[in-house]
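Just so you know, these numbers use all the heavy atoms, side chains as well, and skip hydrogens, waters and symmetry mates. Numbered from 1 within each chain, the chains take letters A, B, ... in sequence-line order.
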Protein chains: 2
Amino acid sequence: MASTEKEPAGALSGIRVGRVAAPLREQVLDGLRRAILDFDLKPGARLVERELMEQIGVSRTTIREVLRELAAEGLVVVIPQKGAVVHAPSPVEAQDLYAVRAALESLAVRRFIERASAADVDALRATVDEMEAVALGEGDIPALLRAKDRFYDVLLEGAASPTIQDILGGVQARVRLLRATSLSQPGRPVRVISEMRALVAAIAARDAGEATRLCVAHLDNASSTGLKALAADSAAS
Amino acid sequence: MASTEKEPAGALSGIRVGRVAAPLREQVLDGLRRAILDFDLKPGARLVERELMEQIGVSRTTIREVLRELAAEGLVVVIPQKGAVVHAPSPVEAQDLYAVRAALESLAVRRFIERASAADVDALRATVDEMEAVALGEGDIPALLRAKDRFYDVLLEGAASPTIQDILGGVQARVRLLRATSLSQPGRPVRVISEMRALVAAIAARDAGEATRLCVAHLDNASSTGLKALAADSAAS
DNA sequence: GTTGATTATTTTGTCCGACAATCGTATGGT
DNA sequence: ACCATACGATTGTCGGACAAAATAATCAAC
């Protein structure tokens, strides 16, 4: 999210100091973020300061600062006098987030087309192959989701825009639950992969218009699939 | 920014309690945010915890939590072991932010066209009139900027999407410096107003394609104007 | 038995003081 | 003028403290 690393990688790489001084707070932040994104902390779960303190082993000061950051990122929502809970987006909010994703990802795709090298395109194609391998294996949804994350990593890498990466990253994080739900629908993975292949093809052809169209269409499908599954779930319960 | 209010507005409206308890922290947050957005705290200015503590009259705990939120919002950047400074976007970053704005604002415009009532369109037109009045008066840039903010408030209100409002608000805040710089260029205000009038006309005609085009074009102009002015400034100094 | 009021417990919000680690700078020696 | 050291300022983190608010539990009354 807030990652700003630049490495010239000149003649003196390797003696690069691993970490310029990592505030403990950031480790806690990364840890909690990962826990939320991996669904170790499920949406709606309460985050009680004292519990986090004991389980993580840091003071309340640090915990509270981290919670404020997560709140500003939109991953948790803090209710005054009540505390923080893992954010659970409502259906309409999820729909909006998907619309924002579509706008931003198509922007990223256009940037990629403008700036990326042929090697970047190959790398992008490789991540789709990787996804296919995971999808054909078993129905390991989390692994598939991680593979898809990798696709976006490469895409944003090639787009060469930390700003877009930062903002889009935040949006994607907020709909991660829906993304997982959508991917877990029967038949969805194979369709996703064919959509991605088409997108990569358009990107390789440097066809910005077609790529934008495919990108938006893909997210449209993902959105409606996820929302339908969500509606079915809540109806079943 | 982090406004999440939902009101079913059923039979029991009106007895809604205004504020359930406002944590002191939020007042400080709003105050500091306003100070940054109004350039009372200029980009690059250091935010020393002890000073803020004394000037605002709250404890370091509260100050630090607020700084973490502002950091996550991107309004300040904290350098480990060095402290927080008001964020000063680099030219390339500003360019990216304008691209993101274009993507998001055109989305908001389309949403507005879909959902807004005729009264909303009138309200939008009224804000442009207001801007014109300010622009023709004197060269009060901050007032003009505030009037333009009001335009976006109405736009996002009509778009009826707190999510888009939230994310776009964050982006706009980060480029506020550039927006002010751009508006202060001679002749820019009148051009801005004619661009906005054209945009409102397209919106009133419910022409999504044209409105999108105009919106993107407007931001393109604003971006290049701002960047040019910035380059001239840094050359002069 | 359900409702209502009172009390206890938990949890947040805020403050204070403390101390090590680190950064920037002034100091002083050469 | 240059380098090393010492000093001061500032952040990072901890611990404890207490009021205010929310939640849960207990008991009284109808």
Side-chain angles (χ1 to χ4, degrees), chain A residues 1-4 16-33 36 41-42 44-73 75-87, chain B residues 1-6 15-33 36 41-42 44-73 75-88:
Chain A
M1 214 74 50
S3 65
T4 315
R16 248 295 188 269
V17 69
R19 262 296 205 199
V20 277
L24 182 52
R25 153 173 37 92
E26 291 196 5
Q27 295 180 36
V28 178
L29 178 60
D30 289 344
L32 271 184
R33 213 186 345 240
I36 293 174
L41 290 171
K42 302 189 197 312
R46 289 194 57 188
L47 298 177
V48 181
E49 295 173 3
R50 196 161 327 251
E51 292 176 3
L52 295 176
M53 229 179 119
E54 292 164 359
Q55 290 172 13
I56 303 180
V58 297
S59 76
R60 200 152 82 98
T61 308
T62 305
I63 294 289
R64 284 180 64 90
E65 288 187 19
V66 168
L67 287 180
R68 295 293 110 76
E69 290 198 58
L70 288 173
E73 281 177 25
L75 282 183
V76 312
V77 35
V78 300
I79 299 137
Q81 248 71 39
K82 285 206 49 179
V85 300
V86 179
H87 181 48
Chain B
M1 215 71 53
S3 64
T4 314
E5 296 184 24
K6 44 183 65 177
I15 58 168
R16 250 292 185 273
V17 69
R19 254 299 198 200
V20 277
L24 182 54
R25 152 173 39 94
E26 291 196 6
Q27 295 179 35
V28 178
L29 178 60
D30 289 344
L32 270 183
R33 209 184 352 235
I36 294 174
L41 290 171
K42 302 189 198 310
R46 286 195 59 188
L47 298 177
V48 182
E49 294 173 3
R50 202 164 319 254
E51 292 176 4
L52 295 176
M53 224 177 124
E54 291 164 0
Q55 290 172 12
I56 303 180
V58 297
S59 76
R60 201 154 79 101
T61 309
T62 305
I63 294 288
R64 284 180 62 90
E65 289 186 19
V66 169
L67 286 181
R68 296 290 110 73
E69 290 198 57
L70 288 173
E73 281 176 26
L75 282 183
V76 312
V77 33
V78 303
I79 300 136
Q81 247 71 39
K82 285 209 50 180
V85 301
V86 179
H87 180 49

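- The list of side-chain hydrogen bond (donor to acceptor under 3.5 Å, both in side chains) pairs with a residue in residues 51-62 of chain B, not counting sequence neighbours, reads B:E49-B:R60.
- Listed pair B:K82 / C:dG24 meets the phosphate criterion, a side-chain N or O lying under 4.0 Å from OP1 or OP2.
- The stretch residues 47-68 of chain B touches DNA chain D through B:L47, B:V48, B:E49, B:R50, B:R60, B:R64, B:R68, each having a heavy atom under 4.0 angstrom from the strand.
- Side chain of A:Q81, nearest nucleotide from C:dC23, D:dA21, D:dG12: D:dA21.
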Notebook entry, point to check: Is there a side-chain contact (heavy atoms from CB on, under 4.5 Å) between B:E65 and B:E69 once you walk through the steps?
Noted result: CA-CA 7 Å; B:E65 289 186 19; B:E69 290 198 57; 5.6 Å; no

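- A heavy-atom distance below 4.5 Å is not found between the side chains of B:V76 and B:H87.
- Screening A:I36, A:L75, A:L70 for a side chain to side chain contact (heavy atoms under 4.5 Å, CB included) with A:V86, the sole residue that qualifies is A:I36.
- One interatomic measurement links the two molecules: CG of B:L24 to P of C:dC16, which rounds to 12 Å at whole-angstrom precision.
- One atom, CD1 of A:I79, and another, P of D:dA22, lie 12 Å apart when rounded to the nearest Å.
- Among the candidates B:V78, B:V66, B:L41, the single residue satisfying the side chain to side chain contact (heavy atoms under 4.5 Å, CB included) test with B:L47 is B:L41.
- Contact of the A:R33 side chain with the A:D30 side chain is registered, since non-hydrogen atoms from C-beta on lie closer than 4.5 Å.
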